[in-house]
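Worksheet: the structure to be examined is printed underneath.
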Amino acid sequence: MKKIATLILAFILCFSTVIVCFAADGHGEIVYDGFADFEETVAVTAYEDGTIFLTGNGIADVYNLDLILGYEFFDSVKGVTIVLSEGISGIINLGHLSVKAFAVDENNPYLSTDSQGALMSKDKTVLIRVPASQAGSKIYTVADTVKTLSSNCFENCYFKEIIIP
């Protein structure tokens, strides 16, 4: 009987936590395990202005972010700014998310950004992702330091011209 009561209590606590997370309506913190390793944990905190903070350690897999935060959140903000803390070593599965800019903690040993808000490796030799909002400018110039373009670095970007030095 004690085991059943404990299980029921644990279920209620877990369920109430989920309600708190979703009831926060776009500004609450939602925690989920990293995708590659059980030691990775990434927390997502989103604000009404469209700023999304990714904190923790490991690679942030944002595949279900629209389901977690709700489509209404993304419809209301017209593009998001993704801020990566110092422990985030990468980001994957951005898919159709409309990103206005990336920002990276200056203490992050893995990632950085360029002056246009594009996500790059710390040494600025790999262009990881260009924000979709940059496509409005019609021309994008890749930084002189870039030696490698990630396979999906221009996903959701429709430029008339890309200049590669």
Side-chain angles (χ1 to χ4, degrees), residues 26-165:
H27 2 255
E29 186 174 282
I30 301 161
V31 178
Y32 61 98
D33 287 331
F35 79 100
D37 184 320
F38 289 112
E39 294 177 11
E40 294 180 352
T41 302
V42 176
V44 177
T45 306
Y47 294 92
E48 286 181 338
D49 67 355
T51 303
I52 298 175
F53 289 89
L54 300 175
T55 57
N57 64 355
I59 297 173
D61 184 357
V62 296
Y63 177 72
N64 287 324
L65 198 57
D66 50 357
L67 295 175
I68 293 168
L69 296 175
Y71 293 107
E72 313 81 43
F73 172 81
F74 292 99
D75 289 343
S76 68
V77 296
K78 309 290 188 248
V80 296
T81 299
I82 297 181
V83 181
L84 305 165
S85 73
E86 67 181 290
I88 302 297
S89 58
I91 187 168
I92 62 168
N93 291 323
L94 284 167
H96 63 280
L97 288 182
S98 178
V99 178
K100 292 189 286 189
F102 291 95
V104 178
D105 185 298
E106 64 184 31
N107 296 318
N108 187 308
Y110 314 104
L111 304 170
S112 64
T113 57
D114 68 5
S115 61
Q116 300 170 77
L119 187 61
M120 306 177 81
S121 60
K122 185 66 170 187
D123 63 1
K124 298 191 185 294
T125 60
V126 180
L127 181 60
I128 299 169
R129 188 69 179 250
V130 175
S133 65
Q134 292 296 320
S137 63
K138 305 292 185 212
I139 298 174
Y140 183 81
T141 302
V142 176
D144 292 342
T145 59
V146 173
K147 295 181 183 348
T148 304
L149 301 175
S150 292
S151 61
N152 62 346
C153 66
F154 294 112
E155 189 173 6
N156 293 331
C157 295
Y158 302 97
F159 296 109
K160 186 174 182 180
E161 184 177 358
I162 297 172
I163 300 169
I164 301 174

Checklist entry - To the nearest 0.5 Å, what is the distance between CD1 (I92) and CG (D61)? => result 4.0 Å

Item to check | Atom of I88, atom of L111 and distance for their closest heavy-atom approach | outcome: O-CD1, 3.6 Å

Checklist entry - Got a sec, which residues hit salt bridge (charged side-chain N to carboxylate O under 4.0 Å, His left out) with E155, two or more places apart in sequence or on another chain? => result R129

Checklist outcome for this item: For G87 and Y110, the nearest pair of non-hydrogen atoms, with its separation, is O-CE1, 4.3 Å

Pairs of donor and acceptor atoms involving the side chains of residues 142-154, under 3.5 Å and at least two apart or interchain, shall be tabulated with distances.
| unit_1 | atom_1 | unit_2 | atom_2 | d |
| --- | --- | --- | --- | --- |
| T145 | OG1 | K124 | O | 2.7 |
| S150 | OG | L127 | O | 3.2 |

Item to check | From L119 atom CG to I82 atom CD1, the distance as rounded to the nearest 0.5 Å | outcome: 9.0 Å

Item to check | Listed partners of N108 passing side chain to side chain donor-acceptor pair (under 3.5 Å), at least two apart | outcome: none

Checklist entry - Who are the side chain to side chain donor-acceptor pair (under 3.5 Å) partners of D123, not counting sequence neighbours? => result S121, T125

Checklist outcome for this item: The reported gap from OH in Y47 to CD1 in I52 (rounded to nearest 0.5 angstrom) is 11.5 Å

Checklist outcome for this item: Minimal heavy-atom distance between F102 and T113, with the atoms involved, is O-CG2, 3.3 Å

Next on the checklist: Listing request: all salt bridge (Lys or Arg N to Asp or Glu O under 4.0 Å) pairs with a residue in residues 104-119, at least two apart in sequence or in separate chains.
Outcome noted: none

Next on the checklist: Could you walk me through whether L94 and N156 satisfy the side-chain contact (heavy atoms from CB on, under 4.5 Å) test, starting with their C-alpha distance in whole Å, then the side-chain angles of each, then the deciding distance to 0.1 Å, before giving a yes or no?
Outcome noted: CA-CA 10 Å; L94 284 167; N156 293 331; over 6 Å; no

Item to check | Considering all heavy atoms, the nearest P131-C157 contact | outcome: O-SG, 3.5 Å

Item to check | side chain to side chain donor-acceptor pair (under 3.5 Å) partners of T51, counting only residues at least two apart | outcome: D49

Checklist outcome for this item: All heavy atoms of I59 vs all of V42, minimum pair found to be O-CG2, 4.0 Å

Checklist outcome for this item: With sequence neighbours left out, the residues meeting side chain to side chain contact (heavy atoms under 4.5 Å, CB included) with E161 are I139, I163

